[in-house]
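Each ligand, and each atom within it, is numbered from 1 in the order the structure gives.
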Amino acid sequence: MKQQITIKLKDKSKAEIAAGYPLITKDSLEGAERLQEEGTIINLTDSKGRFVAKAYYGNQNKGAGWVLTRDETENIDQAFIERKLIEALRRRRDLFNNPETTAFRLFNGEGDGFGGVIIDYYDGYFLVSWYSEGVYSFKEDFVAALKNVAEFKGIYEKKRFDTKGQYIEDDDFVAGERGEFPLIVKENGVNYAVYMNDGAMTGIFLDQREVRQAIKEKYAEGKTVLNTFSYTGAFSIAAALGGADKTTSVDLAKRSSAKTIEQFSVNGIDYENQDILVMDVFNYFKYAKRKELKFDIVILDPPSFARSKKYTFSTSKDYTNLMKEAIAITEDKGIIVASTNSASFGMKKFKGFIDRAFKDLGRKYSIVEEHSLPPDFRVDPKFKEGNYLKVLFVKLG
Ligand code: SAH
């Protein structure tokens, strides 16, 4: 049995939590200093000691834990986790039955009723990401629950919290049989090479599935495509398979080049007909302007924050400038795919950054397509900030 503790919510937070908000912060609690061991179940009460909700204690960048139930009689145990998993599996039945897509999100934290943990599905393998020491204390229950309610070949994990040096970098294997990497998964018929045992990232960001599909099916044919912050080149692969004349992928990380070559190769595309550049995007913009290069499609998908030798980029401060750089090298009537995964602002503000860029340059534009997270990245309707992804297809002129 897990440790339990009863803590009073401050009045203001009590109303929010009672209304369905799932995240607790230390500020929302009376006497938060009584919390010791992460993973402890907290019985949250109002100022009179009346039950409001049950949460667990776990520190992550977002807060100090997540509400799990508002039913006082419900225990937080393996059976609880099984119920959440069964529901999550049921919601993704269509994806499981779709042979063209074998990689997607299976369990999306608070959106599926258990904040702090996500599970991605990669062709028979589960990759569990733990976002706090607290949620990690439920590991045994999660693994046992998965064994009971789901079919899988193997389970891997990523500990995305500070483990004080105890994290064994080279082995994220948990249960079942080991995978052979790269594992080749499919997304709408496109192959992607994935690694589950090689650092924090696997080679593909599953949340962009619909964006890749749109680029491939509706925009790429016969076009020149510049993919900035390209990582393993996933957008370039989608564009090339959609009939792009040529793709150019630019990323600062040395590994990105070999990784991009691999992604092209597993799709039978000759990478030598594509440009793959290891360089700072901001230097590339200068180079392209000097050479008077212009592209039909420019993809912008920067990290929320990045520091290179010469430049520091923070989405919320610098997106307008990034957009201006892109506009300068996009053909008239061309498309800029502007994306951000920053949770610190919403769609309205993002549109503001883009509008500012066009206004500053005295240029016209229209937004022709808008995306946020796909349905498998299920968002808790009471926690809208969980829908961090914002992607706009912007047409020039
Ligand atoms: N668009 C990618 C994901 C981008 S991840 C996809 O769809 O898969 C962010 C990438 O930006 C990382 O690969 C990182 O190496 C790269 N990056 C960060 N700062 C950069 C810079 N100044 N110039 C080029 N690449 C940069």
Side-chain angles (χ1 to χ4, degrees), residues 103-105 120 122 160 182 185 187-188 190-195 198-216 219-220 225-242 244 247-264 266-267 274-288 295 297-319 321-323 325-326 329 336-343 371-374 377 388-393:
F104 51 87
R105 179 142 302 177
D120 288 324
Y122 291 101
R160 297 182 185 277
V185 300
E187 181 192 89
N188 291 311
V190 179
N191 292 332
Y192 290 102
V194 166
Y195 295 79
D198 184 25
M201 298 194 289
T202 62
I204 185 167
F205 289 103
L206 297 174
D207 53 0
Q208 297 277 13
R209 180 174 63 245
E210 292 176 345
V211 179
R212 285 187 283 267
Q213 175 75 342
I215 290 171
K216 174 168 163 272
Y219 295 93
V225 179
L226 172 66
N227 181 10
T228 63
F229 306 95
S230 57
Y231 179 45
T232 63
F235 286 124
S236 309
I237 315 306
L241 286 170
T247 67
T248 302
S249 306
V250 184
D251 196 291
L252 193 59
K254 288 207 174 60
R255 292 181 79 191
S256 65
S257 168
K259 292 274 181 196
T260 304
I261 289 173
E262 178 178 47
Q263 301 292 21
F264 277 122
V266 298
N267 285 287
Q274 314 293 330
D275 277 346
I276 302 169
L277 306 169
V278 175
M279 72 187 282
D280 194 307
V281 161
F282 296 96
N283 287 334
Y284 184 80
F285 287 133
K286 285 195 188 129
Y287 164 83
F295 298 86
I297 301 176
V298 175
I299 299 165
L300 301 175
D301 182 28
S304 294
F305 188 81
R307 178 176 286 138
S308 63
K309 271 187 209 132
K310 266 217 234 130
Y311 309 95
T312 303
F313 176 86
S314 132
T315 313
S316 47
K317 282 207 216 83
D318 303 318
Y319 214 102
N321 274 332
L322 179 65
M323 200 61 198
E325 298 276 17
I329 59 167
I336 298 175
V337 179
S339 171
T340 177
N341 60 7
S342 173
H371 291 267
S372 54
L373 287 175
F377 284 65
Y388 56 84
L389 186 69
K390 294 165 277 292
V391 186
L392 297 170
F393 285 52

CZ/Phe377 to CG/Asp120 distance, rounded to the nearest 0.5 angstrom? 5.5 Å
How are the rings of Phe285 and Phe282 set to each other: parallel, tilted or perpendicular (split at 30° and 60°)? perpendicular
Using residues 228-239 as the side-chain source, report each donor-acceptor pair under 3.5 Å to any protein atom, sequence neighbours left out, with the distance given to one decimal.
{"unit_1": "Thr228", "atom_1": "OG1", "unit_2": "Ile299", "atom_2": "O", "d": "2.6"}
{"unit_1": "Ser230", "atom_1": "OG", "unit_2": "Val250", "atom_2": "N", "d": "3.3"}
{"unit_1": "Ser230", "atom_1": "OG", "unit_2": "Val250", "atom_2": "O", "d": "3.3"}
{"unit_1": "Tyr231", "atom_1": "OH", "unit_2": "Gly203", "atom_2": "N", "d": "3.0"}
{"unit_1": "Thr232", "atom_1": "OG1", "unit_2": "Gly203", "atom_2": "O", "d": "2.7"}
{"unit_1": "Ser236", "atom_1": "OG", "unit_2": "Asn227", "atom_2": "ND2", "d": "2.9"}
{"unit_1": "Ser236", "atom_1": "OG", "unit_2": "Ser249", "atom_2": "OG", "d": "2.6"}

Pairing residues for Leu252 by the side chain to side chain contact (heavy atoms under 4.5 Å, CB included) criterion, not counting sequence neighbours: Asp280, Ser308
Contacts of Tyr319 meeting ring-ring contact (aromatic ring centres under 6.0 Å, His included) (sequence neighbours excluded), chain-then-number -> Phe350
Test item: Asn191 side-chain N/O and Asn267 main-chain N/O as donor-acceptor pair under 3.5 Å: no
Report each N/O pair between ligand 1 and the protein that falls under 3.5 Å, naming both atoms.
{"unit_1": "ligand 1", "atom_1": "1 (N)", "unit_2": "Phe229", "atom_2": "O", "d": "3.0"}
{"unit_1": "ligand 1", "atom_1": "1 (N)", "unit_2": "Asp301", "atom_2": "OD2", "d": "2.8"}
{"unit_1": "ligand 1", "atom_1": "13 (O)", "unit_2": "Asp251", "atom_2": "OD1", "d": "3.4"}
{"unit_1": "ligand 1", "atom_1": "13 (O)", "unit_2": "Asp251", "atom_2": "OD2", "d": "2.7"}
{"unit_1": "ligand 1", "atom_1": "15 (O)", "unit_2": "Asp251", "atom_2": "OD1", "d": "2.7"}
{"unit_1": "ligand 1", "atom_1": "22 (N)", "unit_2": "Asp280", "atom_2": "OD1", "d": "3.3"}
{"unit_1": "ligand 1", "atom_1": "23 (N)", "unit_2": "Val281", "atom_2": "N", "d": "2.9"}
{"unit_1": "ligand 1", "atom_1": "25 (N)", "unit_2": "Leu252", "atom_2": "N", "d": "3.1"}

